[in-house]
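Reviewing the structure listed below.
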Amino acid sequence: MTSRISKVTVLGTGVLGAQIAFQSAYSGFAVTAYDISDDALANAQKRFGELAETYQREVPGAGDGKAEAAATGIRLSSDLADAVRDADLVVEAVPEVLDIKRDTYTKLGEVAPAETIFATNSSTLLPSDMKDFTGRPDKFLALHFANQVWKFNTAEIMGTDDTDPAVFDQVVDFAAAIGMVPVPIHKEKAGYVLNSLLVPFLNAAGELAAGGYADPEDVDRVWRIATGAPMGPFQIYDVIGLTTPYNILSHGDEKDRTIAAWLKENYIDAGRLGAATGEGFYRYPNDK
C-alpha cells in the first residue's frame, strides 16, 4: 500500500458512496460507512451485498471470498463523531446540494481528528465553495469518482489554492492504492474533466426529450449508431441514477429547471430512478 492513509470513512451510502466504501474495503483499507439513519445503513448493507455479487461476476479474482469479506468488513455508523474518530481520510458523498455539503463539513470539522484529510466527491461543485466550512482548508480537496468504480476507474483529484501539495500527493497515492487511475486536475474547474464533458451532453439529450423533439430511445439510438458509442445519454442517465442529475438541474437556469421538472414528473415521482431501482428510462431485469 503506497499511501499512508489506512483508515477511511465514507459519508453517504448512496449509489456512489457505497461503491467508494466497498472498493476501498476490497483494496484492503479499514472502512467505516456513515449515513444519517439506521434505515439508510440497512440499505447500505444491502448495497454492499449486491456489490459483492457484482464483483464476483465482473472483477477477476473476486470470486475467492474477497468480495464477501469486503462487504461484511465495512463498519457502519449513524453517529458522525464515532464514524470519523480515527479516520485518516474522510470521503464525503452526500447529496449534491451546496447547503447540505457545507452543513456536513461544519459538523465534520468539529468532531474529526485534526490530522484527518477531507475529500469531497462532488460532481459539479468547486472545493473552494466548501473549504471555509471544513476548518482545515489545507487538508481539503476534491476526489471525484465515476459511477461503477470497479469498471470505470478514474479518480479526479482537484485542490484549492489552500490545499497542501503533500496532502494532494497523498490522495493521489490513495486513489492508485484502491485501483483507480488518478487524474490530477491542475486548477479548479467546475465539473472537472469528466463532467465538463458529460453534463452538457446529458443536458442536451434531456432538452431534446423534455422539449418533445425525440423520444429518449431514439436519441440513444442516433448517438450509438452515428458515433459507435456503446451507450446513449439516457442509458448513461440510468447508470448514474436520476436523482443526482435532478438535484443539479433543479438549481440551474430556467432551461435546466425545465428538464428537472420533466424528470421529476415523468420518472422520479413514479419511482423510476434508474438502473439501481430496476427502471428509469429503461427497465432492468432482476436476474441476480
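Heads up: numbering here begins at 1 and tracks the sequence. For clarity, every value in this text was computed on a predicted model and none was experimentally measured.
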Would you call K131-D161 a salt bridge at under 4.0 Å N-O? no
One pair to check against side chain to side chain contact (heavy atoms under 4.5 Å, CB included): L242 and Y246. What are the steps and the verdict? CA-CA 6 Å; L242 274 58; Y246 169 77; 5.7 Å; no
Can you list the steps and then say if Y192 with M158 is a side chain to side chain contact (heavy atoms under 4.5 Å, CB included)? CA-CA 8 Å; Y192 312 77; M158 182 169 72; 3.4 Å; yes
Donor-acceptor pair, distance only, cut-off 3.5 Å: does the side chain of E96 make one with the backbone of T244? no
Which heavy atom in A205 sits nearest to a heavy atom in V219, and how many Å separate them? CB-CG1, 4.2 Å
Can you find a pair of side-chain heavy atoms, one from D220 and one from F281, that are under 4.5 Å apart? no
Working for side-chain hydrogen bond (donor to acceptor under 3.5 Å, both in side chains), residues Q235 and Y282: CA-CA 8 Å; Q235 291 172 288; Y282 300 89; 5.1 Å; no
Would you say K189 and S196 are linked by a side-chain donor-acceptor pair, where the criterion is simply a distance under 3.5 Å? yes
With a 4.5 Å cut-off on side-chain heavy-atom distances among I, L, V, M, F, W and Y, is there a chain of contacts connecting V90 to F145? no
Output yes when a side-chain donor or acceptor of T124 lies under 3.5 Å from a complementary backbone atom of G191, and no otherwise. no
Does any N or O in the side chain of Q170 come within less than 3.5 Å of the main-chain N or O of R4, such that one atom is a donor and the other an acceptor? no
Tell me if the CD1 atom of I100 is crowded by more than 12 foreign heavy atoms within 6.0 Å. yes
One should read off an interatomic distance between Q19 CD and F152 CZ, to the nearest 0.5 angstrom, of 10.5 Å
Go through it in stages, so that I can follow the logic: the residues are W223 and F201, the test is ring-ring contact (aromatic ring centres under 6.0 Å, His included), and I'd like the CA-CA distance, side-chain angles, deciding distance and then a yes or no. CA-CA 11 Å; W223 185 254; F201 173 60; 4.6 Å; yes
Under 3.5 Å: donor-acceptor pair, side chain of N121, backbone of A93: no
Return yes when atom CZ of R283 has more than 12 non-hydrogen atoms of other residues, nucleotides or ligands closer than 6.0 Å, and no otherwise. no
If you take all heavy atoms of Y267 and P216, which pair is closest and at what distance? OH-CG, 4.1 Å
Find out if a path of hydrophobic residues (ILVMFWY) with successive side-chain heavy-atom gaps under 4.5 Å connects V97 to I36. yes
Nearest heavy-atom pair of R136 and G109: which atoms, and what distance? NH2-O, 3.6 Å
Would you give the length of the straight line joining atom CG of D38 to atom CG of N43, rounded to the nearest 0.5 angstrom? 11.5 Å
Do other residues, nucleotides or ligands put more than 12 heavy atoms under 6.0 Å from the NZ atom of K255? no
Minimum side-chain heavy-atom gap L108-F133 below 4.5 Å: no
Give a yes or no on whether the backbone of E217 and the side-chain of D215 come within a donor-acceptor separation of less than 3.5 Å. no
Less than 4.5 Å apart, any side-chain heavy atom of V239 and any of I236? no
Test item: E156 side-chain N/O and V193 main-chain N/O as donor-acceptor pair under 3.5 Å: yes
Quick one: pull up CE in M130 and OG in S122 and give me the separation to the nearest 0.5 Å. 4.5 Å
Under a 3.5 Å distance rule, please check whether Y237 uses its side chain to pair with a backbone N or O of L202 as donor and acceptor. yes
How many angstroms lie between atom CG of L98 and atom CG of D129, to the nearest 0.5 angstrom? 5.5 Å
Under the side chain to side chain contact (heavy atoms under 4.5 Å, CB included) rule, what do T116 and K139 come out as? Steps first, then yes or no, please. CA-CA 7 Å; T116 304; K139 295 183 177 68; over 6 Å; no
To check you understand the geometry: which heavy-atom pair defines the closest contact between T134 and F118, and what is its length? O-CE1, 3.7 Å
With the side chain counted from C-beta on, respond yes when P137 and T160 share a heavy-atom pair under 4.5 Å apart, and no when they do not. no
Using a strict threshold of under 4.0 Å (side-chain N to carboxylate O), is an ion pair present between D88 and K7? no
State, with a plain yes or no, whether a side-chain heavy atom of L125 is found less than 4.5 Å away from one of T120. no
T104 and E92: CA distance, side-chain angles, deciding distance, side-chain hydrogen bond (donor to acceptor under 3.5 Å, both in side chains) verdict: CA-CA 9 Å; T104 298; E92 167 268 306; over 6 Å; no
In this structure, CZ of F48 is separated from CD1 of I74 (nearest 0.5 Å) by 4.0 Å
Same hydrophobic cluster for I225 and F234, using side-chain heavy-atom links shorter than 4.5 Å among ILVMFWY? no
Could you check whether any side-chain heavy atom of E279 comes within less than 4.5 Å of a side-chain heavy atom of D238, counting everything from C-beta outward? no
Taking K101 for the side chain and V94 for the main chain, is one N or O donor matched with an acceptor at less than 3.5 Å? yes
Minimum-distance pair of heavy atoms, taken over all atoms of F174 and S24: CZ-OG, 3.7 Å
More than 12 heavy atoms of other residues, nucleotides or ligands under 6.0 Å from CD of E58: is that the case? yes
Of all heavy-atom pairs linking R47 and G14, the shortest is NH1-CA, 3.7 Å
Output yes when a side-chain donor or acceptor of N195 lies under 3.5 Å from a complementary backbone atom of L198, and no otherwise. no
Report the C-alpha distance between I157 and F168 in whole Å, list the side-chain angles of each, state the deciding distance to 0.1 Å, and finish with yes or no for side chain to side chain contact (heavy atoms under 4.5 Å, CB included). CA-CA 8 Å; I157 300 99; F168 189 97; 3.5 Å; yes
Do L143 and W150 share a hydrophobic cluster, counting only Ile, Leu, Val, Met, Phe, Trp and Tyr and linking them when any side-chain heavy atoms are less than 4.5 Å apart? yes
What class does the angle between the rings of Y55 and F22 fall in, given that below 30° is parallel, 30 to 60° is tilted and above 60° is perpendicular? perpendicular
Please examine the side chains of V15 and I240, heavy atoms only from C-beta on, and report whether any two atoms are closer than 4.5 Å. no
Quick one: pull up CG in L263 and CG in D269 and give me the separation to the nearest 0.5 Å. 10.5 Å
Partners meeting side-chain contact (heavy atoms from CB on, under 4.5 Å) with A83 (sequence neighbours left out): T9, T32, Y34, S77
Are V31 and I117 co-members of a hydrophobic cluster defined by side-chain heavy atoms under 4.5 Å apart? yes
Any side-chain heavy atom of R85 within less than 4.5 Å of one from D79? no
In chain order, what residues pass the side-chain hydrogen bond (donor to acceptor under 3.5 Å, both in side chains) check against N247, with sequence neighbours excluded? none
